[in-house]
Amino acid sequence: MLDKKKVVVGMSGGVDSTVAAYQLKKMGYDVIGINMRLWQDEFLEDIHLMHDGGCCSLSSVEDARRVCEQIGIPFYALDFKGVFKETVVDYFIEAYEKGTTPNPCIACNKYVKFDALLEKAHQLGAYYVATGHYAKIYFDEGHSRYVIEKSNAIKKDQTYALYNLTQDQLKHVLMPLGEFESKEAVREIAGQFDVAMSRKSDSQEICFVPDQDYVGFINRNGTKEIKPGAFVDTSGEVLGEHQGIINYTVGQRKGLGITFGKPMYVVDIDVDHNQVVLGDNQEVFSREVYSTLNNFVLFDELREPFECEAKIRYSAKPSKCTIYPLENGWVKTVFDSPERAITPGQAIVFYKDNWLVGGGTIERKPQ
RNA sequence: UGGGGAUUCGCCAAGUGGUAAGGCACCGGACUUUGACUCCGUUAUGCACAGGUUCAAAUCCUGUAUCCCCAG
């Protein structure tokens, strides 16, 4: 029997998860802090010295332990390396190898934090798992469903990374930071535990990749050989040589190592021909987006065209669009105005007012 | 080895006597729970080289080198 007063909190040792745990404790929950061991890499030794890590700092076990002690809750460091490697790291590498751009945080949320960790929570008898995400989750009578609503701290809103959560998961998830009006308010509370920690920076890269060098990471851990190939323009004309498709993502401008007297951007990546297509600023805009693996939160299934807003990357303002159901669970999104750099592999997330409608993985237009 | 033109930061390029624009690339920083984008900043004591004229030259003169074009 699961205890509804019992909650497992994923503790990174950072500001957000610390305050989340503290708030729950204050609300009277029986809180258990768990630090997830996710990845080991000899290059990661000092990474916790550089970043707060927010959700997924890897080496802050000691911070997490100390904080739990101060809050007065039990603490465990548990091994999640297996799931993490399979569902996040391998996915990450494979995505790049097939010419797309992964979003590891979304995968981690889906498979690790709200699946593996939730399962662990249940094993410990806890009904809930909680995190320091900036988002609001609750049961909405109007929709007769669990819903995800944007955080009050709109600048820190993290609902984008949560679109994959199912009703089953949402039922068991608490996000106490959703009501906070700002990160500053959260930091203030964190200050009482550990001054140094409350000042930790927000900066964040891919948590398992040292030095922002994801290319080196894939070279060390990937299976495929990275081969140079041709840069071509949108008409197929060869412009130069690229260093391997994993180095590029749609919309990228810097690091092409080739000059044209005007800014040039990656417009597309053609894995089959090992080519990277370049174009000018105008050529990187488009109104249509196709997505698969869609999950809807506000309703069960998309059955007819639906007017809403959507964003195609984490840090973007939602733009007006209409979404259309296609066959095999695909969704076609048509924006009112062109969007910049629609990138296969990234997520498109739909919103209606402050509610998260759903989302999916961006794919290239089906032929 | 006749004539003409060129040579400015890694690349493109402005500057025609008054004390080296700009773009791209690179590098650094900000922003960011992904990758990108964006923003800010740094970057040639020196204009192929050697002399000369001038208060003052990348800009004028002389010579040298390299490249391009036209003639043999």
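We name chains A, B, ... by the order of the sequence lines, and we start the count at 1 in each one. Model, not experiment: these values are computed from the prediction.
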* Could you list the residues that satisfy ring-ring contact (aromatic ring centres under 6.0 Å, His included) with A/Y29, not counting sequence neighbours? => none

* Write down the distance between CD1 (A/I348) and C1' (B/A36), rounded to a whole number of angstrom. => 17 Å

* **Interface with RNA chain B, restricted to residues 268-280 of chain A and to heavy atoms under 4.0 Å** => none

* Distance, P atom - from B/U66 to B/C49, rounded to whole angstrom -> 16 Å

* Atom C1', compared across B/A71 and B/G5: separation rounded to whole Å -> 15 Å

* When rounded to the nearest Å, what value does the distance between P atoms of B/U16 and B/C31 take? -> 43 Å

* Take atom NZ of A/K156 and atom P of B/C31, then tell me their distance rounded to the nearest Å. => 10 Å

* **B/A36 OP1/OP2 closer than 4.0 Å to side-chain N/O of A/R253** => no

* Interatomic distance, A/Q158 CD vs B/U34 C1' [rounded to whole Å] -> 12 Å

* Under 4.0 angstrom, heavy atoms only, what part of the nucleic acid is A/R313 near: base, sugar-phosphate, or nothing? -> base

* Between P of B/U38 and NZ of A/K317, the distance in whole Å -> 18 Å

* To do: Determine, for A/Y146 and A/K171, whether the Lys NZ or Arg CZ falls below 6.0 Å from the six-membered ring centre while staying within 45 degrees of the axis.
  => no

* CD of A/Q252 versus P of B/A25: gap in Å, rounded? -> 11 Å

* Looking at every strand, decide which applies to A/Y248 at a 4.0 Å heavy-atom threshold: base, sugar-phosphate, or nothing. => nothing

* For A/V238, enumerate each residue passing the side-chain contact (heavy atoms from CB on, under 4.5 Å) test, keeping only those at least two apart in sequence or located in another chain. => A/A230, A/V232

* To do: With P as the reference atom in both, quote the distance from B/G4 to B/A44 in angstrom, rounded to an integer.
  => 38 Å

* Asked: What does A/G255 touch in the nucleic acid at a heavy-atom separation under 4.0 angstrom: a base, only the sugar-phosphate, or nothing?
  -> sugar-phosphate

* To do: Can you tell me the distance, in whole Å, between the CZ atom of A/F92 and the C1' atom of B/G35?
  => 7 Å

* Output all residues satisfying salt bridge (Lys or Arg N to Asp or Glu O under 4.0 Å) with A/D213, sequence neighbours left out; order by chain, then residue number. => none

* For A/A161, all residues meeting side-chain contact (heavy atoms from CB on, under 4.5 Å), sequence neighbours excluded -> A/I106, A/N109

* **Residues which pass side chain to side chain donor-acceptor pair (under 3.5 Å) with A/D90, listed by chain and number, not counting sequence neighbours** => A/K85

* Asked: Is there a path from A/F80 to A/I32 through hydrophobic residues (I, L, V, M, F, W, Y) whose side chains come within less than 4.5 Å of each other?
  -> yes

* Could you check whether A/V250 gets within reach of a base, just the sugar-phosphate, or nothing at all, counting any heavy atom under 4.0 Å? => base

* To do: For A/I362 and B/G35, give me the distance from atom CD1 to atom P, rounded to whole Å.
  => 16 Å

* To do: Tell me which nucleotide among B/G35, B/C37, B/U32 gets nearest to the side chain of A/T101.
  => B/G35

* Asked: Going by number, which of residues 226-242 of chain A have a non-hydrogen atom under 4.0 Å from RNA chain B?
  -> none

* **All salt bridge (Lys or Arg N to Asp or Glu O under 4.0 Å) counterparts of A/E301, not counting sequence neighbours** => A/R303

* Pairwise P distance for B/C37 and B/G51, with rounding to whole Å -> 47 Å

* Asked: Side-chain N or O of A/Y265 less than 4.0 angstrom from OP1 or OP2 on B/C24?
  -> no

* Dot-bracket encoding per residue of RNA chain B, Watson-Crick/G-U cut-off under 3.5 Å, | denoting interstrand -> .(((((((.[[[..)..(...]]]..((((.......))))......[[[[[..)....]]]]]))))))..

* Asked: Could you give the CD1-to-P distance, from A/I106 to B/U34, as a whole number of Å?
  -> 11 Å

* To do: Scan A/P102 against the nucleic acid and name what it touches under 4.0 Å (heavy atoms): base, sugar-phosphate only, or nothing.
  => base

* Structure fact -> Closest to the 5' end of RNA chain B, once A/N247 and A/L256 are matched to their nearest nucleotides, is A/L256

* **Nearest-nucleotide 5' precedence on RNA chain B, A/P104 against A/M264** => A/M264

* Flag this pair as yes if the NZ/CZ of A/K183 is under 6.0 angstrom from the six-membered ring centre of A/Y134 and inside a 45 degree cone about the axis; otherwise no. => no

* **Among B/C26, B/C24, B/G35, the one nearest A/K254 by side-chain distance** => B/C26

* **Residues which pass side-chain contact (heavy atoms from CB on, under 4.5 Å) with A/Q23, listed by chain and number, not counting sequence neighbours** => A/V19, A/K26, A/M27, A/P176, A/F180, A/I189

* Return the set of residues passing side-chain contact (heavy atoms from CB on, under 4.5 Å) with A/C68 (not counting sequence neighbours), or none when no residue passes. => A/M11, A/I73, A/F75

* Considering all heavy atoms of both residues, which atom of A/Y160 and which atom of A/A347 are nearest to each other, and what is their separation? -> OH-O, 2.6 Å

* **Whether A/D140 side chain and A/V147 backbone form a donor-acceptor pair below 3.5 Å** => no

Please list every donor-acceptor pair under 3.5 Å in which a side-chain atom of residues 336-343 of chain A meets a protein atom from a residue at least two apart or in another chain.
{"residue": "A/E339", "atom": "OE2", "partner": "A/S319", "partner atom": "OG", "Å": "2.9"}
{"residue": "A/R340", "atom": "NH2", "partner": "A/G251", "partner atom": "O", "Å": "3.0"}
{"residue": "A/T343", "atom": "OG1", "partner": "A/A341", "partner atom": "O", "Å": "3.0"}

* What integer number of Å spans the C1' atoms of B/U59 and B/U19? -> 12 Å

* If we take the P atom in both B/G17 and B/C12, what is their distance in whole Å? -> 26 Å

* Taking the C1' atom of each, how far is B/U62 from B/U43, in whole Å? -> 35 Å

